[in-house]
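Structure first, then comments.
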Amino acid sequence: MAAPTDFVMRCHPGIVGKNPSLGLKNQVLGVVPLIGTAGGVPCNGRKLESRAKSRVEAVAEVGVKGLKSYEVKVETGMDAVAEKELREKGFMGMRKTKLVCTIGPACCSLEDLEKLAMGGMNVARLNMCHNTREWHRDVIRRIKWLNLDKGFCVSVMIDTEGSQIHVVDHGAPFSLKAEEGSVWVFTAQKFEGSRPFTVRANYEGFSEGIMVGDELVIDGGMASFEVVEKMGSDLRCKCTDPGLLLPRAKLSFWRDGQLSYHGLPTLSAKDWEDIDFGVSEGVDFIAMSFVNDADSVKNLKNYLSTKSSKSIKVLAKIETSESLHKLKEIVEASDGVMVARGDLGVEVPLEQIPTVQEEVTHICRELNKPVIIASQLLESMIEYPTPTRAEVADVTEAVRQYADAMMLSGESAIGLHGQKALSVLQMVSSRMESWSRVENRQSFLQQGQLGVSLHDRISEEICNSAVKMANKLGVDAIFVYTKHGEMASLLSRNRPNPPIFAFTNDNCTRMALTLQWGVIPLLVELSDDMEANIARTIDLIKMQGMAKIGDCVLIVSDLTPTGATPAAFQSLMVKTIS
Ligand SMILES: Nc1ncnc2c1ncn2[C@@H]1O[C@H](COP(=O)(O)OP(=O)(O)OP(=O)(O)O)[C@@H](O)[C@H]1O
Ligand SMILES: CC(=O)C(=O)O
Ligand SMILES: [K+]
Ligand SMILES: [Mg+2]
């Protein structure tokens, strides 16, 4: 099979085969190996049969790597959550800012994942720093199963561990207090049992180049030490600023206000294995930790194209001070960016983080790359059921900056109130988005031209004009017909008032668009006949009772009929539903 499987679901053989009513509106979405459970979830024949009736309409038997499998065709249309939102709130009430949830032990069951999906999770993030690949595989399969079974459209992102110096053992299961003046040994050597005041780091070369007098900062300021003696590769350090040592605390060394670089590669051997794992599980995004330059991003993208996994999007995480000097090149090289404020705060002074966030968000918008704001948005909700007022202000600011997406980390992964935290993001973004619209606070970017070829420049100008028109005419929705999502993304870049319904016949495009501001991706069959595409998709929305006669849509397309010259077929029109 050339492409990675879009989903890997396990089910009993023969069940879907009992319903061979071949629906013409259906798309082949993936291949199903036949085993007895679905991502660890037993699925008995009866249950699947009813599912088969509702969502899975036709099957064809195929063989994949010796496994007897079925191709499954799934109903086309809008995902269940967007559909519900549209019914309840109307076109203008649809949330534009996308939500990413980190999946951890507190939310990895099928039930919890379903609740997060229902609560508006657009992308599930798996941090490869934690847990086993088997654990991650089960989670990915559960998400893909839920997408299929319940009609969700949740994309999967893996986040690489990357190379960073951190604590692996400090002798206690939780946090330890470092008192002022106490003396500790930092080592990379393994030792049996526990030794008081001894901290083991993950990387053997962690003390290379470090000198007596250097400052060792824990987690960007949780505690600080002065290096008082070098003993081979071990360091004796005296606590100068008391505080807490967490189990995976990050270590950074400073001299004369400058960070000492450890020169570790952005992707470690383990990261490459995790990337292969992601490829084989058919993930949609790879978030690359500790990116320092554009070359590392290009390198990974090249690697993915050699694996025929070009459709996997590479997101560069901005979390090192070095990356800040090369922001434009990094953003240009990547398919999107994450402002990873957690580790960023280890390498740059905390007071700089808000301006870095704004700058990165601005560059991403200029260069038309989706941007995620991550870490500590609702940190207090890991423990408490309500956010602090300051956290709500922080979330509001990210929405005001028109970031594409916001991310939960520990709040969902290990927190007590993950679903509630997600609903806070949901409510705060809806409120701020509608306020921005009503107050007309939309600040149009002085956008530089992106495209070089005439074709690309035409697309760009059509989208810029389309959004101006949509806002001025007050249309209810924008419909865009797109193969690879370019025009959907160019429309999103202009942050229009109405939602953007992106109709595509490419499932990878659909899953990538989940991260883009204001875009609701739909998987449909598309033909060379644009009139027929429009009629069919309007019918689809109308039939499901989601649009009514008199609703006005603005229509844009980047589809090129087979054998035609691209530029001739880009189009823009306004249509009232009759
Ligand atoms: N799969 C998992 N298994 C166990 N714990 C997890 C998992 N994912 C996250 N966690 C827990 O949730 C906390 C926050 O998660 P997150 O992945 O955002 O960490 P982070 O340190 O901010 O990210 P990064 O390592 O990419 O900088 C982690 O410290 C960890 O305790
Ligand atoms: C998300 C992440 O990697 C960080 O904030 O450091
Ligand atoms: K990570
Ligand atoms: Mg990080």
Side-chain angles (χ1 to χ4, degrees), residues 99-109 112-113 116 123-140 142-143 156-168 173-175 202 218-220 222 244-252 264 266-268 270-275 277-278 283 285-292 300 314-323 337-348 353 356-357 360 372-383 405-418 421-422:
L99 306 176
V100 183
C101 298
T102 302
I103 309 303
C107 62
C108 61
S109 71
D112 288 328
L113 292 168
L116 289 177
V123 180
R125 165 181 178 253
L126 292 158
N127 189 349
M128 303 308 286
C129 290
H130 313 290
N131 238 313
T132 61
R133 270 184 212 126
E134 287 63 40
W135 184 91
H136 289 290
R137 175 176 293 130
D138 280 348
V139 173
I140 294 172
R142 276 175 213 145
I143 293 163
V156 176
M157 175 200 298
I158 57 164
D159 190 322
T160 60
E161 179 161 353
S163 318
Q164 194 191 32
I165 303 171
H166 63 84
V167 171
V168 283
F174 302 109
S175 56
N202 63 324
I218 308 294
D219 276 338
M222 283 286 246
L244 284 183
L245 281 171
L246 299 179
R248 266 183 68 94
K250 284 135 193 175
L251 312 182
S252 57
L264 287 167
T266 296
L267 293 173
S268 67
K270 173 183 179 284
D271 291 331
W272 284 109
E273 284 171 20
D274 288 337
I275 287 162
F277 163 81
V283 302
F285 298 100
I286 297 176
M288 201 177 174
S289 296
F290 306 111
V291 168
N292 285 322
L300 176 55
V314 175
L315 308 178
K317 291 174 68 184
I318 302 300
E319 53 184 346
T320 68
S321 60
E322 205 176 333
S323 68
V337 164
M338 184 194 292
V339 185
R341 304 185 304 182
D343 283 308
L344 192 58
V346 173
E347 296 207 2
V348 306
I353 291 181
V356 170
Q357 171 179 323
V360 176
I372 306 169
I373 307 299
S375 292
Q376 297 186 337
L377 279 109
L378 297 171
E379 185 81 358
S380 74
M381 290 191 78
I382 291 177
E383 272 183 76
M406 299 186 289
M407 187 173 107
L408 295 178
S409 298
E411 298 93 330
S412 51
I414 48 167
L416 299 175
H417 314 283
L422 187 61

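Quick note: numbers below take in every heavy atom, side chains included, and nothing from hydrogens, waters or symmetry partners. Whatever order the structure lists ligands and atoms in, that order sets their numbers, starting from 1.
Listed by number with element, the atoms of ligand 1 under 4.0 Å from a non-hydrogen atom of Trp135 are 1 (N). For ligand 1, the atoms lying closer than 4.0 Å to a non-hydrogen atom of Ser409 are 18 (O).
The residue among Ala413, Pro105, Gly104 with a heavy atom at the shortest distance from atom 5 (N) of ligand 1 is Pro105. If you check each of Thr132, Asn127, Leu246 against atom 19 (O) of ligand 1, the one with the closest non-hydrogen atom is Asn127. The option with the heavy atom closest to atom 9 (C) of ligand 1, from among His136, His130, Glu379, Arg125, is His130.
If you take CD1 on Ile275 and CG on Leu267, they are separated by 4.5 Å, rounding to the nearest 0.5 Å. Taking OG of Ser321 as the start and CG of Asp343 as the end, the distance is 12.0 Å to the nearest 0.5 Å. How far CE of Met222 is from CG of Leu245: 9.0 Å, rounded to the nearest 0.5 Å. Between the CE atom of Met406 and the SG atom of Cys101 there is a distance of 10.5 Å, given to the nearest 0.5 Å. With rounding to the nearest 0.5 angstrom, the CD atom of Glu411 is 5.5 Å from the CD atom of Glu379. Atoms CZ and NZ, on Arg133 and Lys270 in that order, are 6.0 Å from each other to the nearest 0.5 Å.
Looking only at its N/O/S atoms, Asp343 has OD2 as the one nearest to the Mg ion (ligand 4). Of all N, O or S atoms in Glu319, the one lying closest to the Mg ion (ligand 4) is OE1.
Looking at Ile103 against ligand 1, only its backbone comes within 4.0 Å, counting heavy atoms. For Cys129, every heavy-atom contact with ligand 1 shorter than 4.0 Å involves the side chain, none the backbone.
Looking only at protein heavy atoms, the nearest one to atom 11 (C) of ligand 1 is Ile414 CG2, 3.6 Å. The protein heavy atom nearest to atom 15 (O) of ligand 1 is Gly410 N, 4.0 Å. Atom 22 (O) of ligand 1 has Ser375 OG, 4.3 Å as its closest protein atom, hydrogens excluded (heavy atom only). If you check which protein heavy atom lies closest to atom 3 (N) of ligand 1, you get Asn131 ND2, 3.1 Å.
Taking a 4.0 Å cut-off on heavy atoms, Val139 fails to register as neighbouring ligand 1. Contact between Gly342 and ligand 1 is absent, with no heavy atom of the residue lying under 4.0 Å from the ligand. Heavy-atom separations between Lys317 and ligand 1 include at least one value shorter than 4.0 Å. Residue contact annotation: Lys250 has a non-hydrogen atom under 4.0 Å from ligand 1.
Taking the ring-ring contact (aromatic ring centres under 6.0 Å, His included) definition, one finds that Trp272 meets it with Tyr303, sequence neighbours left out.
Under the 3.5 Å distance criterion, with hydrogens and angles disregarded, no donor-acceptor pair is assigned to the side chains of Thr160 and Asp274. Donor-acceptor pairing under 3.5 Å is lacking for the side chains of Gln376 and Arg341.
Looking at ligand 1, you'll find an N or O of Asp343 within less than 3.5 Å of one of its N or O atoms. Looking at Ser289 next to ligand 1, no N or O pair under 3.5 Å apart turns up. Residue Thr102 has no N or O atom closer than 3.5 Å to an N or O atom of ligand 1.
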(request) Could you go through the side chain to side chain contact (heavy atoms under 4.5 Å, CB included) check for Thr102 and Asp159 one step at a time? (result) CA-CA 10 Å; Thr102 302; Asp159 190 322; over 6 Å; no
(request) Step by step, work out the side chain to side chain contact (heavy atoms under 4.5 Å, CB included) result for Ile165 and Leu264. (result) CA-CA 9 Å; Ile165 303 171; Leu264 287 167; 4.3 Å; yes
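Here Asp159 does not reach the Mg ion (ligand 4): none of its N/O/S atoms is less than 2.8 Å from the metal. Metal site remark for the K ion (ligand 3): Thr160 contributes an N, O or S atom at a distance under 3.4 Å.
In this structure the side chain of Ile218 reaches within 4.5 angstrom of the side chain of Leu251, judged on heavy atoms. The shortest distance between side-chain heavy atoms of Leu246 and Val167 does not fall below 4.5 Å.
Of the possible polar contacts, none joining the Ser412 side chain to the Gly418 backbone as a donor-acceptor pair under 3.5 Å is found.
The angle that Asn127 OD1 and Asp159 OD1 make at the K ion (ligand 3), rounded to 10°, works out to 110°.
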